[in-house]
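In what follows, chains are A, B, ... by sequence order, proteins preceding strands, each numbered from 1. Given the structure is predicted, the values throughout are model-derived calculations rather than measurements.
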Amino acid sequence: MLDKAFDSGSTEPRLYRLWEESGVFAPTNDPAATPFSIVIPPPNVTGSLHIGHALNNTLQDVLIRFQRMRGAAALWLPGTDHAGIATQMVVERQLAAAGNIGRRDMGREAFVERVWEWKAESGGAISRQLRRLGASCDWSRERFTLDEGLSRAVRQVFVALHRQKLIYRDKRLVNWDPRFQTAISDLEVEQREVDGHYWHFAYPLEDGSGEIVVATTRPETMLADTAVAVHPDDARYTHLIGKCVRLPIVGRPIPIIADDYADPDKGSGAVKITPAHDFNDFKVGQRHRLPMINILDPSARINENGPAAYRGLDRFEARKAVVAAFEALGLLRGVEKVRHAVPHGDRSGVVVEPYLTDQWYVDAKTLAGPAIAAVEDGRTVFEPRHWEKTYFEWMRNIEPWCISRQLWWGHRIPAWYGPDGRIFVAETEEEALAAGREHYGCDEPLRQDEDVLDTWFSSALWPFSTLGWPEKTSDLARFYPTHTLITGFDIIFFWVARMMMMGLHFTGQAPFQRVFINALIRDAEGAKMSKSKGNVMDPLELVDAYGADPLRFTLTAMSGQARDIRLSTARIEGYRNFGTKLWNAARFCELNSCVAPPSFDPGLASGRVNRWILGETVKAARQVTRALEACAFDTAAAALYRFIWNAYCDWYLEFSKPVLQGTDEPAKAETRAMAAWVLETILKLLHPVMPFITEELWSKTGERDRLLIVAPWPDLPDAWIDEVAARDMALVVGAIAVGRAVRSELNVPLSARPPLIVVDADPGQRDVLRANAAIIDQMLRVSGLEFQAVSGAVPYVAEGVAFALPIAEFIDLAAERARLAKEIAGQTVDIDRTSKKLANVDFLARAPEEVVEENRERLAERQASKERLETALARLEAVS
RNA sequence: GGGCGGCUAGCUCAGCUGGUUAGAGCGCCUGGUUUACACCCAGGAGGUCGGGGGUUCGAACCCCUCGCCGCCCACCA
């Protein structure tokens, strides 16, 4: 006997263990099975499961469970990302909290060892949390981006790209994060609106003939100015081009140059040029071969290139000092407050500085070509399609990708430097030394590059490195390219684009056929969830409170494509109730000994009600299947909900009661079998979204030869759809539903059991109603059918059949009059609209014939019911 | 400045390539101890589909325009 309700707390972990131990998460070895693979977007190893992960991984799990049941060799490959900066931060913070010495004092080797220790202790949290969600990943294939295999792939890719001149070392401006003291890529820079000032400074002309005014929001950079630019056509300044100004404070003469970059409409029209500390100025500096003076040290303090009085000052202190100096010199020409966007490091949160350093770059432009083409010609399709625009936009304007990071945790760059600075790029130190020997003619000591690679460099290889590349493994042959990638739009640039580039370059094939972009989760008010706002919803707490299934169903149902998801517990509660509803339906079946014998062939069922629910089941299965094929997860969830609750529970099980409680044994047997068979089918169809409750019911409602997780997906023949049964049952449903509304509106007590009078129906309809009299009796609470009109009965129409309920003694005349008037008004509106349409010659001439015909039938039907209602109203008036 | 998405019932959202009276869940109101289920059952109220214009026999859906809301990219003179 099933318990009163499903206990998720005790059942879910038990079932997950059962699945995992049964080995069903690994793809089948059946060579005939079509491979279907997904690689997980590897969460940061430092991470814990947040609600976004819950959504993303639920959708992946729905898809992989669906494919597994369909018989595919379904592989969901899990793993984690070493997450350079994030992880290094966590461990450094931990060291600090424990009062230990810092990273720099520890030294590189000891620190990295400490990070590995940390990883061993607490790095697996997110994998455990994914299990609680029910994620059916193949844990035997779990990968980590710093694993030996993946590291080897990274080195090989680096060396190959270097050899192909697609990786190179360059001295240019980078975004420098002074807190972490590392370069970061453009994508890791986040613009934040802050309050600041425009300071207007006068630079005196060297010959004393006047001054030129420039404006800046970063006064400290003037210490590194090497020119002032004006527009060549700016009449105010043409006479000054070629002259010099004497840079205040510093005292250096710098030229006034002509460059289009200067915009006559902005400020004074003259702009200070600081090539070493501004991206635009850098280009101007290159054009004019200006000196590049770097005045900042790695922590953004003024270095030895600044005036003595400023050395060692933090950039913001230096800013104040520079402004004060200008004021003291009488050269401050104005200050305005401005609110402007300032670049910040997305991890560190501090203002980043354009900074002149040597770094490694990937020639992204070249790699982007094939990646753009693959999406253009549809080898890879984004879902929803509009994200392709975003992808193209970025890919077509891509900049060189700075891949070196001045960190310790990550893949160390496989480049070695000789005593003369010559670079040897090789996969191993031995190879580098050998190359050095060949070059120098003797053994020379080489020093490996201190830097590590951007975390996203290894992630870019994820779809093939995790399958064993560069080895030609059977997994690689079988599961690459992967089928679908499910991820968030926030990492289309960071990750998806780069996987496309690397995948195509190294394997010749796009790494996935389809990229499904899932929405972003917000709180019930629409705010982005963040710890600082305190509005985060912890998925594990939600699992504790409601179970994994309701959370999964909620996320699936709300995964509509084009929008942010606002999550509320009310919704989760609703789907918890849905699970309970299913549980109780199963209890009902159990109570009524509903089991489907192995020999049961639903197609041979003869009962009208059974043939009807069979057809509905086929239709529901079609809908769910089609929706999941198309990643229309919300549509699948809606179809399941409707079918299970509104068709199976509300109608079919109610219809079955008179039979199950009756004495017609053959009918009883068929209904028992059908009820059980449909329930079984429901468990299968619902399993991808609600795996736990369905697996539990599967095991408790019948003798099973296998787990539900590997049961075959329902593939039901259309021939099982019986349109006649569907039409017949629509009549029964209509008679009951409309009749109930009449009773309720007229406040007829439930105890009243009048007969149901069938006023006007054709013989076939009468037969249907007669055959279902027991159902109608029970559900409409009437006492049998009568086929003779009685005066004073309250009429209603359903499915074109006229019914009446003799309930005169209960009714309030005024209420009934109001009801009829309202009904008539409703019909009148529709009749007017439809007849107007049919009177329109253009409509008749241009609308398709079937639409015209539909409207004709509709009009006739409405007019008939209106007449009936009017007659009834007239009779009522006569009584009163 | 460039681009994207959204604006449909009190709330959260469905409504595919234009064609019945625009739907669901939650909430609300009314009535229910019908032996699967009160995490339930039955019924009900509630929307000029952001505004305006256009195309069309016909527009929530297509076009134009305006208005909000959100996001992405660029911008620190």
Side-chain angles (χ1 to χ4, degrees), chain A residues 2 4-5 186 191 194 196 198-200 213-218 221 229 262-263 265-272 278-280 338 340-343 351 354 384 386-387 389-390 393-394 397 489-490 492-493 520 522 524 526 528 546 550 557-558 560-568 570-571 573-592 632 634-635 638 641-642 646 649-650 653-654 657 661 737 740-745 747 749-750 778-779 781 826-827 829-830 833-834 837 840-848 850-852 854-855 857-858 862:
Chain A
L2 288 169
K4 191 94 175 126
D186 300 348
Q191 302 294 333
V194 298
Y198 267 136
W199 283 279
H200 298 263
V213 175
V214 296
T216 182
T217 57
R218 295 188 300 155
T221 62
D263 182 348
D265 297 332
K266 279 191 191 163
S268 65
V271 56
K272 63 192 270 308
D278 182 282
F279 288 99
N280 290 312
V338 287
H340 60 150
V342 176
V351 175
H386 69 81
W387 289 110
K389 280 191 181 175
T390 305
E393 173 63 21
W394 189 69
N397 298 297
F489 58 78
D490 50 331
I492 289 178
F493 304 148
L520 186 71
R522 293 164 182 281
K528 200 167 170 172
Y546 302 99
M558 299 190 78
Q561 303 185 348
R563 141 199 324 268
D564 302 333
I565 296 178
R566 300 193 185 191
L567 193 62
S568 72
R571 196 82 189 238
E573 208 170 297
Y575 292 125
R576 189 263 328 264
N577 297 352
F578 172 63
T580 307
K581 185 74 181 175
L582 174 66
W583 186 264
N584 278 299
R587 291 185 79 212
F588 174 85
C589 287
E590 189 182 43
L591 238 56
N592 287 284
D634 53 338
T635 306
Y641 189 95
R642 255 197 323 268
N646 303 126
C649 293
D650 285 350
L653 291 186
E654 292 302 326
K657 282 177 184 173
Q661 287 152 14
R740 276 171 173 171
V742 170
R743 289 186 65 130
S744 174
E745 272 174 66
N747 295 317
L750 286 170
Q778 190 158 330
M779 294 181 74
R781 302 184 68 77
Q827 302 286 352
V829 167
D830 195 59
R833 192 194 315 240
T834 313
K837 229 184 223 185
N840 183 337
V841 286
D842 284 326
F843 174 72
L844 295 176
R846 299 182 197 229
E850 71 240 35
V851 174
V852 175
E854 254 172 49
N855 277 277
E857 281 167 17
R858 179 189 171 77
R862 295 302 141 136

Legend entry - Sidechain N-carboxylate O distance under 4.0 Å for A/K657, A/E654: yes
Legend entry - Side chain to side chain, A/F489 and A/T390, heavy atoms closer than 4.5 Å: no
Inset, instruction - Could you check how far CZ of A/F843 sits from P of B/G18, rounded to whole Å? - result: 16 Å
Inset, instruction - Please report, rounded to the nearest Å, how far the P atom of B/U35 is from the CD atom of A/E590. - result: 19 Å
Legend entry - Sole residue of A/N592, A/L591, A/N584 in side-chain contact (heavy atoms from CB on, under 4.5 Å) with A/F588: A/N592
Legend entry - Distance, C1' atom - from B/A59 to B/U8, rounded to whole angstrom: 14 Å
Legend entry - Candidate nucleotides B/C75, B/G32, B/C76, ranked by approach to the side chain of A/H340 - the nearest: B/C76
Legend entry - Separation of B/G1 P from A/D265 CG (nearest whole Å): 15 Å
Legend entry - C1'-based separation of B/U35 from B/C28 [nearest Å]: 31 Å
Legend entry - Student check: side-chain heavy atoms of A/Q191 and A/V342 closer than 4.5 Å: no
Inset, instruction - Quick one: label A/P343 by what it contacts on the DNA or RNA (base, sugar-phosphate, nothing), any heavy atom closer than 4.0 Å. - result: base
Legend entry - Rounded distance in Å between the C1' positions of B/G32 and B/C49: 35 Å
Legend entry - Separation between the C1' atoms of B/G25 and B/G5, rounded to whole Å: 24 Å
Inset, instruction - Report the distance from atom CE of A/M558 to atom P of B/C11, rounded to the nearest whole Å. - result: 15 Å
Legend entry - Distance, nearest 0.5 Å, that separates CH2 of A/W387 from CD1 of A/I492: 5.5 Å
Inset, instruction - Under 4.0 Å between any heavy atoms, over every strand shown, what does A/N747 touch: base, sugar-phosphate, or nothing? Just pick one. - result: nothing
Inset, instruction - For nucleotides 36-45 of chain B, just jot down a letter per nucleotide in 5' to 3' order: B, S or -, based on protein non-hydrogen atoms under 4.0 Å. - result: BB-BSSSSSS
Inset, instruction - Please state how far atom CZ in A/F489 lies from atom C1' in B/C71, giving the value in whole angstrom units. - result: 7 Å
Inset, instruction - Can you tell me the distance, in whole Å, between the CG atom of A/D186 and the C1' atom of B/C73? - result: 11 Å
Inset, instruction - Tell me, please, which residues at least two apart from A/R571 pass side-chain hydrogen bond (donor to acceptor under 3.5 Å, both in side chains). - result: A/Y575
Legend entry - Interatomic distance, A/D490 CG vs B/C73 C1' [rounded to whole Å]: 15 Å
Legend entry - Interatomic spacing from CG in A/D186 to CZ in A/F279 - rounded to 0.5 Å: 6.5 Å
Inset, instruction - I would like to know whether A/M558 and A/D634 meet side-chain contact (heavy atoms from CB on, under 4.5 Å); could you show each step before the answer? - result: CA-CA 6 Å; A/M558 299 190 78; A/D634 53 338; over 6 Å; no
Inset, instruction - Would you mind reporting whether A/R781 and A/R740 have side-chain heavy atoms less than 4.5 Å apart? - result: no
Legend entry - Interatomic distance where CD belongs to A/E393 and C1' belongs to B/G1 [whole Å]: 13 Å
Inset, instruction - Pick the C1' atom in B/U56 and in B/C62, then give their distance to the nearest Å. - result: 10 Å
Legend entry - Given RNA chain B, 5'-ward residue of the pair A/R571 and A/R781, judged by closest heavy atom: A/R571
Inset, instruction - Using a heavy-atom cut-off of under 4.0 Å over every strand shown, decide if A/V214 touches base, sugar-phosphate, or nothing. - result: nothing
Legend entry - Nearest-neighbour nucleotide for the A/F493 side chain, B/C75, B/C72, B/C76 considered: B/C72
Legend entry - Consecutive-pair stems (at least three Watson-Crick or G-U pairs, under 3.5 Å) that include RNA chain B: B:1-7 with B:67-73, B:10-13 with B:23-26, B:28-32 with B:40-44, B:50-54 with B:62-66
Inset, instruction - Please state the C1' separation for the pair B/C26 and B/A45 - nearest whole angstrom. - result: 16 Å
Inset, instruction - Assign A/N397 to base, sugar-phosphate, or nothing according to its heavy-atom contacts below 4.0 angstrom with the strands shown. - result: nothing
Inset, instruction - Using the C1' atoms only, state how far B/A74 lies from B/C4, rounded to an integer number of Å. - result: 15 Å
Legend entry - Span that lies between the P atom of B/C71 and that of B/C13, in whole angstrom: 15 Å
Inset, instruction - Report yes or no: does A/R576 contribute a side-chain atom to a donor-acceptor pair with the main-chain N or O of A/P550 at less than 3.5 Å? - result: no
Legend entry - Atom pair CG/CE of A/D650 and A/M779 - distance to nearest 0.5 Å: 8.0 Å
